[in-house]
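Throughout, protein chains are lettered first and strands after them, A, B, ... in sequence-line order, and every chain is numbered starting at 1. In this text the structure is predicted, and so the values were computed from the model without any measurement.
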Protein chains: 2
Amino acid sequence: MQVTKNRNPNMNQNMRMTRQRRVILEELKKLDSHPNAEEIYEAVRESLPRISLGTVYRNLEVLSELGKIQKLEMGGTQKRFDWDTRKHYHIRCINCDRVDNAPLGFMKNVEQALYGATDFTITDHRLEFLGLCPLCMEKAIERDSLGKTAGKVA
Amino acid sequence: MQVTKNRNPNMNQNMRMTRQRRVILEELKKLDSHPNAEEIYEAVRESLPRISLGTVYRNLEVLSELGKIQKLEMGGTQKRFDWDTRKHYHIRCINCDRVDNAPLGFMKNVEQALYGATDFTITDHRLEFLGLCPLCMEKAIERDSLGKTAGKVA
DNA sequence: GTACATGCAAAGTCTTTGCCGCCGG
DNA sequence: CCGGCGGCAAAGACTTTGCATGTAC
């Protein structure tokens with residue numbers, strides 16, 4: 001069961017900005033995409049070849065708990081990370097899993113629609129669009145024109 | 001990478017409704033919640049003690065590919081399943097992970113807001129509300145009144 | 001020194017898969 | 001027979017964690 005983990009209530013707000021953490025943060029901003037831990041690991045390894053994947057996971061967790069980055073729990077199985085901590089929505093390619101920001105303003109009022117209609121205390125919401133990215137769309141068209149119609153796009 | 005899996009384009013639309021599949025379907029409807037595979041497994045085991053978890057996973061996959069049930073990819077790590085195949089939204093308790101339907105009609109038009117603003121071909125969207133279920137809310141209040149303020153609600 | 005970080009490997013969680021025997025048409 | 005199906009265990013993908021060592025104040 002994955003609960004919002006706030007295990008360490010006394011976590012130091014001024015945690016040490018170690019070299020590893022700084023590089024992770026830099027790479028995340030540089031990538032300007034929505035990478036998963038593995039991708040960040042690969043990027044960081046170029047400047048810190050001896051960093052471990054465990055450290056990357058640990059620090060992504062720390063950084064997101066302190067609000068320096070945002071952890072995205074998308075529909076898929078992997079968590080992704082976003083340097084942009086503002087609330088916003090995403091689009092995910094159902095074929096290649098690429099994630100972009102959705103060009104749609106954050107809907108501040110949707111949650112109000114549930115007031116009185118549910119006994120949950122709503123605190124947040126998450127909206128994710130699904131579709132095909134331009135590249136996969138193109139491949140899908142090519143493929144369809146060849147008469148093949150099902151399964152993952154090549 | 002989890003892509004919408006449609007691996008078997010020739011899957012028989014009239015798959016055999018075996019005893020295992022029937023019981024899985026029945027239990028899912030009976031539960032009327034949004035159980036994960038493990039919970040379904042436990043429920044099904046009462047009538048079919050020798051069923052395996054692998055079979056449950058396989059059949060949930062088959063049933064959802066044939067549109068008999070809906071596979072939910074919520075924010076968390078586990079997939080959940082819903083007997084109601086109509087498009088609708090959910091609320092998830094951030095403390096105990098309970099999932100309810102959200103009392104909000106499906107927004108047929110949100111996707112249109114992206115037309116022209118993205119080069120993705122949007123095909124779907126998913127909206128999930130987060131909050132505390134009544135039980136966890138109550139516990140949180142009790143706990144807060146004792147002066148403890150952080151971490152997972154007991 | 002002390003407290004927190006890191007590297008490494010092991011373990012954990014959830015899900016998928018290979019194999020083989022079984023069952024129904 | 002044949003093809004799909006189920007049980008079982010092993011493997012896979014992703015993430016967390018225990019432990020000894022390092023490092024910064």
Determine, step by step, whether A:Met15 and A:Glu65 satisfy the side chain to side chain contact (heavy atoms under 4.5 Å, CB included) criterion, reporting the C-alpha distance in whole Å, the side-chain angles of both residues, the deciding distance to 0.1 Å, and the verdict.
CA-CA 11 Å; A:Met15 94 295 196; A:Glu65 279 187 20; over 6 Å; no
Measure the distance from [atom1] on [X] to [atom2] on [N] and round it to the nearest whole Å.
| X | N | atom1 | atom2 | answer |
| --- | --- | --- | --- | --- |
| A:Arg16 | C:dA3 | CZ | P | 12 Å |
| B:Tyr41 | C:dC14 | OH | P | 14 Å |
| B:Glu42 | C:dC14 | CD | P | 13 Å |

Give a yes or no on whether B:Met74 and B:Leu31 share a hydrophobic cluster (residues Ile, Leu, Val, Met, Phe, Trp, Tyr; joining criterion: side-chain heavy atoms under 4.5 Å apart).
no
Under 4.0 Å, counting only non-hydrogen atoms across every strand here, what does [X] touch: a base, just sugar-phosphate, or nothing?
| X | result |
| --- | --- |
| A:Asn59 | sugar-phosphate |
| B:Thr55 | base |
| A:Gln20 | sugar-phosphate |

Give the nucleotide from the list [options] with an atom nearest to the side chain of [X].
| X | options | value |
| --- | --- | --- |
| B:Ala37 | C:dT6, C:dT15, D:dG7 | C:dT15 |
| A:Gln78 | C:dG7, D:dC14, D:dC5 | D:dC14 |
| A:Arg21 | C:dT6, D:dG7, D:dT15 | C:dT6 |
| A:Ile51 | D:dG7, C:dG7, D:dC5 | C:dG7 |

Ignoring hydrogens and angles, does a donor from either the side chain of A:Arg58 or the base of C:dG7 sit under 3.5 Å from an acceptor on the other?
yes
Backbone N or O of B:Leu130 within a donor-acceptor pair of the A:Thr123 side chain at under 3.5 Å?
yes
